[in-house]
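Order of appearance sets the numbers: ligands from 1, and atoms from 1 within every ligand. Sequential numbering from 1 along the given sequence is applied to the chain's residues.
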Amino acid sequence: MTAATVPARSLAIEGDIGVLTLSYPPVNALSQVMREAIVEGMREANANPAIKAVVLICDGRTFLAGADITEFGKPPKAPSLREAQDQIENASKPVIAAIHGTALGGGLEVALCCHYRVAVPSAKCGLPEVHLGLLPGAGGTQRLPRIVGVEQALDMILNGSHVPAKKCLEMGLVDALVPEGELRAGAIAFARTVLAENRPLRKVRDNDDKLIAARAHPEIFANVRQANARKFRGFPAPEANIQCVEAAVNLSFDEGLATERRLFTELVAGTPSIAQRYAFFAERKATKIPDVPDDTPTVKVAKVGIIGAGTMGGGIAMNFANVGIPVVLVETQQAALDRGLAVVRKNYENSAKRGRFTSEQVEQRMALLTGSLQMESLADCDLVIEAVFENMAVKKEIFGKLDRICKPGAVLATNTSALDVNEIASAATSRPEAVVGMHFFSPANVMKLLEVVRGAETSHTALATAMQIAKKIGKVAAVSGVCPGFIGNRILAARSAQAQAMVLEGAMPWDIDQVLYDFGLPMGPFAMSDLAGLDIGWSKETSKGATIRERLCEMDRRGQKNGAGYYDYEVVDGTRIAKPSEVTRGIIRDLMGEQGKVAREISKEEILERCVYAMVNEGAKILDEGIAIRASDIDVVWVNGYGWPVYRGGPMFYADTVGLGTVVEKLKGYGGRMGPGFTVSPLLERMAAEGQRFTK
Ligand code: T1G
């Protein structure tokens, strides 16, 4: 964070109202210097008899956005946030927080020490510390439930959500909304009302009303634990957050505060939180491309074209409609187009049923989607994304047409997950510089990751435009060079190779899946194959029964979709249960017999290390080849696109926690078992020898 070194602090006096304005770009984080500014500003305001009330407001794009995350793990510097908060809460005159942008974490905790809070309608408030593997460590777990009640506090804290101001008003978290763009004047007016009506110096800490009710309902906490058990699997922070709110209900304010401090101190030093903080900054670093200046001109994307209204095309279109950008969806057949649009509508209606959208919002979004059977309807699009099936000849034909149809300056993107973007660009267009890969992940309207694939001739403008639009549609983007499988799928293939190999050495698919599941991945490779469908890319005509997968397909075991694949599936009380399959075990035994292989006991440790270290090794090769700009980009890809548990940072971060020396030693130890053609990355070897790390 290229923050200003010294925050700006000013105390203006408007009649009898002191307006303490703070400014510490880019997000007014509560670093040491900012805390100092609050303490000194409040001292000045408290000491000035002319000031009867204080408005605390920030310049820039947001109110205080929380503690300075870069300070965690370093020796604490005075003044503490507590000192700043005490200056506010114990002030002899009312202090009103004036909120715009996002009042988050320590920022909201400062506002909760103010006696009143006002906000503009576009503001949001939240305690998102759980996303950093932490908890609100400045009184948030004790003050928030006192204002919004225990259940809403648990919901806000455990989801780390940014709650819109209107909802905050309904919950009592803010006392009034002031007109958009008139925050300062509105807050001053509110302060005058507080004085005129002689309203009390309300200290949130003193108000237990909403806690008393919860004291008789300890099941609130049991229910929250049970309802989120699956979601919080592997994360230590959520349970600590729940314990803090429980302490708020059952202990005094100061005892609760002590519990909060103790649990915060434990979490902040733990690897899970260090990993999640690393992931926070890795996501932001991934947006920076060293040779593409921040001020690179980009194409203003006001209209998007998508070719192919299948699962990917439809999902991609929803991302743009969700942010108000009109989309033209092009298909070859009316039936396919109707089907594609119907699936999109169904997805929106399902989300509306879950309360995510209103029916008006569904109609607004559908109204932004136009279907067409003519490529010519893409002529005035600023960005066109091709999302048809993976066939080079078909893609070349499409890009050839786009080259003739699309206006100059349009960005031409392909959603290919594996094909050579350079070949598509150079062979099919007269403007290869306008071609870039935009690899979405299925379901494209849900998955956060976008692999932006930089071709040999992709221009800075096309690249910067793809990165900018990724942020606009709420995606986490990372740049990959052109190679088979780019970053994500290439590393996936390295892991799959080990998993497939170990199944023919004695491990069962469910053994391998269990190890990776216990490690924190949402599911193992074999369960994932069953979910995707074993017959993708398989055909009866060409099948030779040479692999487990082929033999399963030949036995019409296609995966979850027909109830049998690597696993047998049965539905119990509406839930699909995967069971180890004797059929699969038999196929494996037969294949091994035919290949003269003898099964051996394979430890969980070997399963994990061969799978994960093969990923790290491939990551090192990707880095060495310059396919990835930095190791943390590889982690961003795997955390946001492949379910790698964020509390383990990513494969490269994880390798650093294990030690690169150990990774190399283990890979060499497994030697030939890693498979013919497996080589340890020279970069990995060198870094291990030099005691280096992939990530800072
Ligand atoms: N500390 C340090 N740097 C921060 C920061 C923070 N809290 N928030 C943002 N940055 C940097 C970021 O790295 C980037 O830097 C630049 O600011 C712009 O950010 C005691 C324990 C506020 C919604 O979790 O969610 O308080 O890349 O690109 O998209 O209980 O930033 O330009 O060099 O994300 O407009 C709790 C974290 C902290 C909020 C703005 N607070 N920030 O989003 O900009 S823990 C948070 C955000 C805490 C207390 C606890 C977002 C944002 P660079 P950006 P944005």
Atoms of ligand 1 under 4.0 Å from any heavy atom of F264, numbered from 1 in the order shown, are 21 (C)

Measure the shortest side-chain to side-chain distance between [X] and [Y] over non-hydrogen atoms and say whether it is less than 4.5 angstrom.
X    : Y    : value
E283 : N640 : yes
E40  : E44  : no
L383 : V299 : no

Option with minimal heavy-atom separation from atom 6 (C) of ligand 1, where the choices are G140, G160, A67 = A67

For ligand 1, is there an N or O atom under 3.5 Å from any N or O atom of [X]?
X    : result
P128 : no
A65  : yes
F281 : no
T102 : no
K471 : yes
R284 : yes

So is [X] in contact with ligand 1, going by heavy-atom distances below 4.0 Å?
X    : value
R61  : yes
P26  : yes
H131 : no
D68  : yes
K285 : no

Would you check if the side chain of E260 reaches a backbone N or O of C244 as a donor-acceptor pair within less than 3.5 Å?
-> no

Is the Y642 ring parallel, tilted or perpendicular to the W638 ring (thresholds 30°, 60°)?
-> parallel

Between S31 and E71: side-chain donor-acceptor atoms closer than 3.5 Å = no

Regarding S632 and T695, is there a side-chain donor-to-acceptor distance under 3.5 Å anywhere?
-> no

May I ask you to check whether over 12 heavy atoms, not counting those of D294, lie within 6.0 Å of atom CG?
-> no

Under a 4.0 Å heavy-atom limit, does I69 contact ligand 1 with its side chain, its backbone, both, or neither?
-> both

